[in-house]
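Report on the following structure.
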2 protein chains.
Amino acid sequence: MAAPQPARLTSPSREPEAGGRDRYFAKLAQERPDVALCRATTLVTRALDEELAGRRLTMAQQLVLKMLSDVGPCSQQELSEQLRIDRSVMVGCIDGLEDSGLVRRERHPRDRRAYAVTLTPDAAPVLEEAEAGVPHLLDRAFGALTAAERRTLTRLMGKILDVG
Amino acid sequence: MAAPQPARLTSPSREPEAGGRDRYFAKLAQERPDVALCRATTLVTRALDEELAGRRLTMAQQLVLKMLSDVGPCSQQELSEQLRIDRSVMVGCIDGLEDSGLVRRERHPRDRRAYAVTLTPDAAPVLEEAEAGVPHLLDRAFGALTAAERRTLTRLMGKILDVG
DNA sequence: GAGAAATAATCTGCTGGCCAACAATCTTGC
DNA sequence: GCAAGATTGTTGGCCAGCAGATTATTTCTC
């Protein structure tokens, strides 16, 4: 495909390689936006997980509380759709919140197939604490980007997601 | 947290909601670059998977062949590090390529712990075909972005990944 | 109305990525 | 030269995301 390759192998010792074998990823990330995107997301996800490790809520649960606080009681279906979390994952997510006493599964008054997931009074302080940690979370995940670059990233993601 | 929420629930019928309940994701994606990035990557990954569905190679296998072609025989460790694919995943990846007769696991001459994963002659045309499909793949994944935007995205991902 | 089709929540199974543990092998410190 | 530690490939376990099947309920069609 490319130039005839030497059949030589790196020795196991740590001599810095001239042929770019040890910097191959940098080249790959420049040529393949898909790979760069996936690997960067893995890093960001790991940073988020580390940051959330000590806290009471998972990211999904945090988003659920926030949406309930913003728009009022929702069915699991609505939460799933708007937060882009799979229905089957949402079940366990709400289970956890219910066990912690932060939401209740009430019946939807007009559709008894659906629940009306509703915040309890206990949820407010927990949500507030979680929201207060978001800036630090973002700094940890996107520390390499300036504020302007983060806005650019948000705009590009918005186009891929087809929102605005 | 926000304004006092109405305890009202959406009726099950499909009336477009004024309160932004049905556009909540758009707002979320604008406020939370982390969520936007993760959801966009899910979309891109799905597009890639659909595109690769009919082909012989997975994305990981394609990257392995390309790297072997570019830098010559490598240990699985080197492939793992540079392609950012976990060692345990790399095992199955190379297994598949070996079963297809595209690579061989030879012993590393100086380190008998490691293999020297080596391309076979059969690999060249398969890799060439895969490489030929990359532009179409990227168009499918990033169709919403212009060429300039794709370059910007690549640059931002590079900063997160700390490469150049 | 009555039956057919659609929908909400749930469960199960499948896949893929990540982490911990393991045996074989290499490297290092003394 | 030898024991302690690191490294390579491998396996198995865990979790998220996704599709399919199921049950209860609602909506649509006649």
Side-chain angles (χ1 to χ4, degrees), chain A residues 9-15 35 38-50 52-53 58-61 63-64 73-98 103-117, chain B residues 9-15 35 38-50 52-53 58-61 63-64 73-98 103-117:
Chain A
L9 268 175
T10 316
S11 97
S13 41
R14 287 287 157 265
E15 28 181 65
V35 176
C38 290
R39 301 304 186 261
T41 299
T42 300
L43 248 61
V44 166
T45 301
R46 181 145 42 197
L48 295 180
D49 285 346
E50 286 170 5
L52 264 57
T58 67
M59 176 61 71
Q61 292 175 330
L63 296 176
V64 166
C74 294
S75 69
Q76 294 183 194
Q77 179 70 17
E78 284 173 312
L79 292 166
S80 270
E81 268 179 38
Q82 295 303 316
L83 302 178
R84 303 284 203 272
I85 296 171
D86 192 81
R87 296 191 315 260
S88 57
V89 177
M90 185 59 69
V91 174
C93 181
I94 305 285
D95 281 347
L97 290 172
E98 205 172 24
V103 306
R104 283 193 310 266
R105 277 180 167 108
E106 303 180 347
R107 275 297 166 188
H108 191 296
R110 292 200 235 170
D111 187 344
R112 288 186 311 181
R113 291 171 301 182
Y115 290 122
V117 182
Chain B
L9 269 174
T10 316
S11 99
S13 41
R14 286 286 157 264
E15 28 181 67
V35 176
C38 291
R39 302 304 186 260
T41 299
T42 301
L43 246 63
V44 167
T45 302
R46 180 149 39 197
L48 295 179
D49 286 346
E50 286 170 7
L52 263 59
T58 68
M59 176 62 70
Q61 291 174 332
L63 295 176
V64 165
C74 294
S75 68
Q76 294 183 192
Q77 179 68 15
E78 285 173 311
L79 292 167
S80 272
E81 269 177 37
Q82 295 303 316
L83 302 178
R84 301 286 202 273
I85 295 170
D86 193 82
R87 286 177 312 177
S88 57
V89 176
M90 187 59 70
V91 174
C93 180
I94 305 287
D95 281 348
L97 289 172
E98 204 173 25
V103 306
R104 282 192 311 266
R105 275 181 170 108
E106 302 180 347
R107 274 297 164 188
H108 191 295
R110 293 198 232 170
D111 187 345
R112 289 185 309 179
R113 292 171 303 181
Y115 290 123
V117 182

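To find a chain, count down the sequence lines: A is the first, B the second, and so on, and within it residues start at 1. Bear in mind the structure is a predicted one, so any value in this text is a computation, not a measurement.
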Hey, does [X] reach any base, or is it just sugar-phosphate, or nothing, if we go heavy atoms under 4.0 Å?
{"X": "A:Thr42", "answer": "sugar-phosphate"}
{"X": "A:Arg39", "answer": "nothing"}
{"X": "B:Arg87", "answer": "base"}
{"X": "B:Arg46", "answer": "sugar-phosphate"}

Item to check | Residues touching DNA chain D, which here means a heavy atom under 4.0 Å, drawn from residues 89-97 of chain A | outcome: A:Val89
Tell me whether [X] contacts the main-chain N or O of [Y] through its side chain, where contact means a donor paired with an acceptor under 3.5 Å.
{"X": "B:Arg105", "Y": "B:Ala116", "result": "no"}
{"X": "A:Arg39", "Y": "B:Arg84", "result": "yes"}
{"X": "B:Glu98", "Y": "B:Asp95", "result": "no"}
{"X": "B:Ser80", "Y": "B:Ile85", "result": "yes"}

Separation of [X] atom [atom1] from [N] atom [atom2], in whole Å?
{"X": "A:Tyr115", "N": "D:dT25", "atom1": "OH", "atom2": "C1'", "result": "13 Å"}
{"X": "B:Asp49", "N": "D:dC18", "atom1": "CG", "atom2": "C1'", "result": "11 Å"}
{"X": "B:Gln76", "N": "C:dA24", "atom1": "CD", "atom2": "P", "result": "18 Å"}
{"X": "A:Asp86", "N": "C:dC11", "atom1": "CG", "atom2": "C1'", "result": "12 Å"}
{"X": "B:Arg107", "N": "D:dT7", "atom1": "CZ", "atom2": "P", "result": "19 Å"}
{"X": "B:Asp111", "N": "C:dT27", "atom1": "CG", "atom2": "C1'", "result": "10 Å"}
{"X": "B:Leu79", "N": "D:dT10", "atom1": "CG", "atom2": "P", "result": "12 Å"}
{"X": "A:Gln61", "N": "D:dC15", "atom1": "CD", "atom2": "P", "result": "14 Å"}

Checklist entry - Relative to the 5' end of DNA chain C, which residue comes earlier, B:Ala60 or B:Arg112, by the nucleotide with the nearest heavy atom? => result B:Ala60
Next on the checklist: Could you check whether B:Glu81 and B:Gln77, counting side-chain N and O atoms only, form a donor-acceptor pair closer than 3.5 Å?
Outcome noted: yes
Next on the checklist: Between A:Leu52 and A:Met59, does the side-chain contact (heavy atoms from CB on, under 4.5 Å) criterion hold? Intermediate values first, please.
Outcome noted: CA-CA 7 Å; A:Leu52 264 57; A:Met59 176 61 71; 3.7 Å; yes
Item to check | Side chain A:Arg113 and base C:dT7 donor-acceptor under 3.5 Å | outcome: yes
Item to check | Interatomic spacing from CG in A:Leu79 to CD1 in A:Ile94 - rounded to 0.5 Å | outcome: 5.5 Å
